[in-house]
Each structure stands twice: as structure tokens, then as C-alpha cells.
J.: 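Have a look at the structure that comes next, please.
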Protein chains: 2
Amino acid sequence: MSQPERATLERAKRGSISQLLFKCARLLNETALARARERSGLDVRPAHTTIFPHLDLEGTRLTELARRLGVSKQAAGQLVDELVEMGVLERVPDPVDARAKLIRFGRRRGGLALMEGLAVLGEIEGKLADELGRQRIDALHETLLRLLAVLERGSL
Amino acid sequence: MSQPERATLERAKRGSISQLLFKCARLLNETALARARERSGLDVRPAHTTIFPHLDLEGTRLTELARRLGVSKQAAGQLVDELVEMGVLERVPDPVDARAKLIRFGRRRGGLALMEGLAVLGEIEGKLADELGRQRIDALHETLLRLLAVLERGSL
DNA sequence: GGTATTAGTCAAGCATGGTTGACCATAATG
DNA sequence: CATTATGGTCAACCATGCTTGACTAATACC
């Protein structure tokens, strides 16, 4: 093996951005999910959490939700089914279209079910700030937002 | 809904660290994989890429590889099978133990197969630096390393 | 009002990435 | 040298998170 190859390799050993991102994301997500599970007693799975950021508070139609998620409406429908079963979401008839139903957050223990999840996220981010420093976390947040923009533009 | 709830919600809309990380990781990984596929003409899947960082250049036994990956040796074995089929990895008998085989990078087009993959990663990281600034990328790298350490310590 | 479209559901199936259990050959140990 | 442990493989199976296709009911359009 040539010398430049060895050098490339040593850099790679440290971990590529891509691999690091992936590993961190996976671990952080597992942590958050575990917390959410023990706090709510519900069997929340990763796929469920992808729904929440795409739900409007007033409610969102299944077809629209599926479109936002980038999956078939059947796939979205199944996730919603499970979350409705748990009491996290609810389906209400759409007042302006009798075919449609609006999917929105349900109420658990007197508050929006959503809030339980957000509390978990807030708590984790707080601990993270304690560990790594508020400034570093803010910078990370900012960088990730920019990175996401670049990635979604597809200009890589 | 109460006012503090609304505020929490607004913060959440921007995207939690966890969700941002996950989305960025997924997109970046897909990008890298797509690149690797078109460059190599091989059907590389996400699971394959998780193996590479755990392989020693001298070769690694399957059992050890499985241990590092945190999966059963059967699971690791299947991934290795596929990569051997593609010519990316090769199995050679372990000189010091006739039961064992060493798994190591094969040669494709005259160079270590590994280098093809590393070239893709390097290229992407370069473009990323162009888009977001070298400094920001370096900071991201550093933050991710620290984050990973915290996560692996399990102190969240 | 008839026709095409849209919202949602039911059912079956599939790709990915694992698992567990049984087994064989070689190695290490008393 | 008999026994136990280890490295690897074969086979069957499973959970997750999707997909496609067929269908019903309500709506929109001409």
C-alpha cells in the first residue's frame, strides 16, 4: 500500500463526517426514544416520531401527511393507526370534506400528548448543553440547519 | 393550549437537535451511497458501509468483526458474504488458526477497494467545506466526536 | 346528472437487517 | 486423549417500515 493511501486511511479511521453523523444520530435517537418510552409507558417506535414535525396543530389530512413524509398514504395511515391506538393522535372528521379526516394530537393526562415528547427532547438538549457547552450546541444546531438546506438542495 | 406550550411548540418547529441530526445523517448517507454506487457499479447497501470502519488492514476475524459491530456473527457473515461477492472484501485463512479466516479489503482496479469508498467520502466532505466553510465543518467534526463520546458514555 | 377525481382503507407482499438454534471442524485444556 | 471451547456456516424465522393494487365513499367538474 502506498504512502498516500496510508494517510487517507488514517484520516478515515478518525471517522468521516458522514459516519459520525450517522452514529450520533442513531445513538441520540435511541436515547430519546428510550426516555419517551419509559416516561409514557407507550411502545413508541422510530417511525412514529417522524410524523410529529409534519402535523399541524389544527390537524392534517392523511394524504397531505403522507406527501410531507414522502411515503404512500397506506404507510402513513398505519403509523397514524398505531398512534391513535396509543391515544397520542386522534382522527376527527374534516368539517369541509366528508371524505377526509383530520389527524391531530390527542390529549393525555390533561395536556397535549405532543408536549410529553417535546419535554423529553428539551431535557436531552439541556443535558447535552451541560456536557458540551451551550455555545457548541447552538453552533451545532445552526450548522445542521445549513447542512440540511444544502442537502435538500441536492447540490452535493 | 397554554402560552408556554405554544412557545415550546415554536422552538420544536425549528427542529430538535435529534431530529435534525437524524435527517442530515440520512440524507448525507444516501448521497454518499448513491455516489459510491454510480462510481463502483456495485449495489452497496447501508449495512455494508457499517463494516468498513471496523476492519483492520491486516484482516479481522468474523467473530471479532461481529463483536465490534454489536451483531451476531451470522449477521456479520452475511454482509461479508455479499461484499466478498462484489470483490470488495476477501476471506483468507488465518495463518495461526485453521478454523478462522481473516476478512480484509480486496483489490479492485489495481487498488484497495477501500480507497474507492474513501475517495467518495473525501469528495463529499470537500464539497461540504465549499458550501459551509472549512471552519464550520471542522467544528462540526469536533462536536460530533465529543457528542459521540458523551453518548457512548451513556450519561444522558 | 354522469363522469372523473380525490380521501381513505383493506389486503397482500417485499426489502432490509437482523435473530436463534443446530451443526461441523479445529483448537485448547485437563 | 477425551472433553470442552471457539470460529464459522447453514437454515429458518422475525420485526420494521415500507410498497403496489383493488376498492368504497364523497366530491368536483362539465
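Naming convention: chains lettered A, B, ... in sequence-line order (proteins, then strands); numbering from 1 in each chain.
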J.: So does Lys101(B) pair up with Glu90(B), basic N to acidic O under 4.0 Å?
T.: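 Glu90(B) and Lys101(B): not salt-bridged.
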J.: Output yes when a side-chain donor or acceptor of Arg37(B) lies under 3.5 Å from a complementary backbone atom of Val44(B), and no otherwise.
T.: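 At least one qualifying donor-acceptor pair exists.
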J.: Write down the atom of Ile124(B), the atom of Ala32(B), and the distance for their closest heavy-atom approach.
T.: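 The answer is CD1-CA, 3.4 Å.
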J.: What one-letter contact string describes nucleotides 23-30 of chain C from 5' to 3', where B marks a base within less than 4.0 Å of any protein heavy atom, S marks contact via sugar-phosphate atoms alone, and - marks no contact?
T.: --BBS---
J.: Applying side chain to side chain contact (heavy atoms under 4.5 Å, CB included), run through Arg104(B) and Arg91(B) and close with a yes or a no.
T.: CA-CA 7 Å; Arg104(B) 64 182 193 196; Arg91(B) 268 188 249 248; over 6 Å; no
J.: Tell me, do Phe52(A) and Val88(A) make a side-chain contact under 4.5 Å, heavy atoms counted?
T.: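 Sidechains of Val88(A) and Phe52(A): in contact.
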J.: Would you mind writing out the side-chain donor-acceptor pairs for residues 57-71 of chain B within the sub-3.5 Å range, not counting sequence neighbours?
T.:
residue: Thr60(B); atom: OG1; partner: Asp56(B); partner atom: N; Å: 2.9
residue: Thr60(B); atom: OG1; partner: Asp56(B); partner atom: OD2; Å: 3.3
residue: Arg61(B); atom: NE; partner: Asp94(B); partner atom: OD2; Å: 2.8
residue: Arg61(B); atom: NH2; partner: Asp94(B); partner atom: OD2; Å: 2.9
residue: Glu64(B); atom: OE1; partner: Arg67(B); partner atom: NE; Å: 3.2
residue: Glu64(B); atom: OE2; partner: Arg67(B); partner atom: NH2; Å: 2.9
residue: Glu64(B); atom: OE2; partner: Arg68(B); partner atom: NE; Å: 2.7
residue: Glu64(B); atom: OE2; partner: Arg68(B); partner atom: NH2; Å: 3.4
residue: Arg68(B); atom: NH1; partner: His54(B); partner atom: O; Å: 2.6
residue: Arg68(B); atom: NH1; partner: Asp56(B); partner atom: OD1; Å: 3.4
residue: Arg68(B); atom: NH1; partner: Asp56(B); partner atom: OD2; Å: 3.3
residue: Arg68(B); atom: NH2; partner: Asp56(B); partner atom: OD2; Å: 3.0

J.: Among residues at least two apart in sequence or on other chains, which ones pass side chain to side chain donor-acceptor pair (under 3.5 Å) with Glu116(B)?
T.: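 Once residues adjacent in sequence are excluded, the partners of Glu116(B) under the side chain to side chain donor-acceptor pair (under 3.5 Å) criterion are Arg108(B), Arg109(B).
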J.: Quickly work out the Leu62(A) CG to dT24(D) C1' distance and round it to whole Å.
T.: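 Between C1' of dT24(D) and CG of Leu62(A): 15 Å.
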J.: If I take atom CG in residue Leu102(B) and atom C1' in nucleotide dG7(D), what distance separates them, rounded to the nearest angstrom?
T.: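 Going from CG in Leu102(B) over to C1' in dG7(D) covers 11 Å.
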J.: Short of 4.0 Å, heavy atom to strand atom, which residues of residues 64-81 of chain A count as contacting DNA chain C?
T.: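 Output list: Lys73(A), Gln74(A).
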J.: Apply side chain to side chain contact (heavy atoms under 4.5 Å, CB included) to the pair Leu121(A) and Ser18(B), showing each step before the final yes or no.
T.: CA-CA 8 Å; Leu121(A) 291 178; Ser18(B) 169; 4.3 Å; yes
J.: Reckon Arg45(A) has a side-chain N or O less than 4.0 Å from the OP1 or OP2 of dG17(D)?
T.: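 It does, given that an N or O in the side chain of Arg45(A) lies less than 4.0 Å from OP1 or OP2 of dG17(D).
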J.: Can you list, pair by pair, the side-chain donor-acceptor contacts under 3.5 Å of residues 145-156 of chain B, counting residues two or more places apart and other chains?
T.:
residue: Arg146(B); atom: NE; partner: Glu142(B); partner atom: OE2; Å: 3.3
residue: Arg153(B); atom: NE; partner: Ser155(B); partner atom: OG; Å: 3.3
residue: Arg153(B); atom: NH2; partner: Glu131(A); partner atom: OE1; Å: 2.9
residue: Arg153(B); atom: NH2; partner: Glu131(A); partner atom: OE2; Å: 3.3
residue: Arg153(B); atom: NH2; partner: Ser155(B); partner atom: OG; Å: 2.9

J.: Would you indicate, yes or no, if dG8(D) has its OP1 or OP2 atom less than 4.0 angstrom from a side-chain nitrogen or oxygen of Thr63(B)?
T.: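 So the side-chain polar atoms of Thr63(B) do come within 4.0 Å of the phosphate oxygens OP1 or OP2 of dG8(D), strictly under.
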J.: Using a 4.0 Å cut-off on heavy atoms, which residues in residues 22-41 of chain A reach DNA chain D? List them by number, or say none.
T.: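 Per residue number, the list is empty: none.
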J.: Tell me whether the count of non-hydrogen atoms from other residues, nucleotides or ligands lying under 6.0 Å of CD in Glu123(B) goes above 12.
T.: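 Yes, CD of Glu123(B) has more than 12 neighbouring heavy atoms, counting only those of other groups under 6.0 Å.
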J.: Walk me through whether Lys73(B) and Gln78(B) qualify under side chain to side chain contact (heavy atoms under 4.5 Å, CB included).
T.: CA-CA 9 Å; Lys73(B) 44 189 189 170; Gln78(B) 188 179 324; over 6 Å; no
J.: Provide, to the nearest angstrom, the distance between the CD1 atom belonging to Ile51(A) and the C1' atom belonging to dC18(D).
T.: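 These atoms are roughly 13 Å apart.
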J.: What is the distance, to the nearest angstrom, from the CG atom on Asp43(A) to the P atom on dA15(D)?
T.: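 Going from Asp43(A) (CG) to dA15(D) (P), I get 12 Å.
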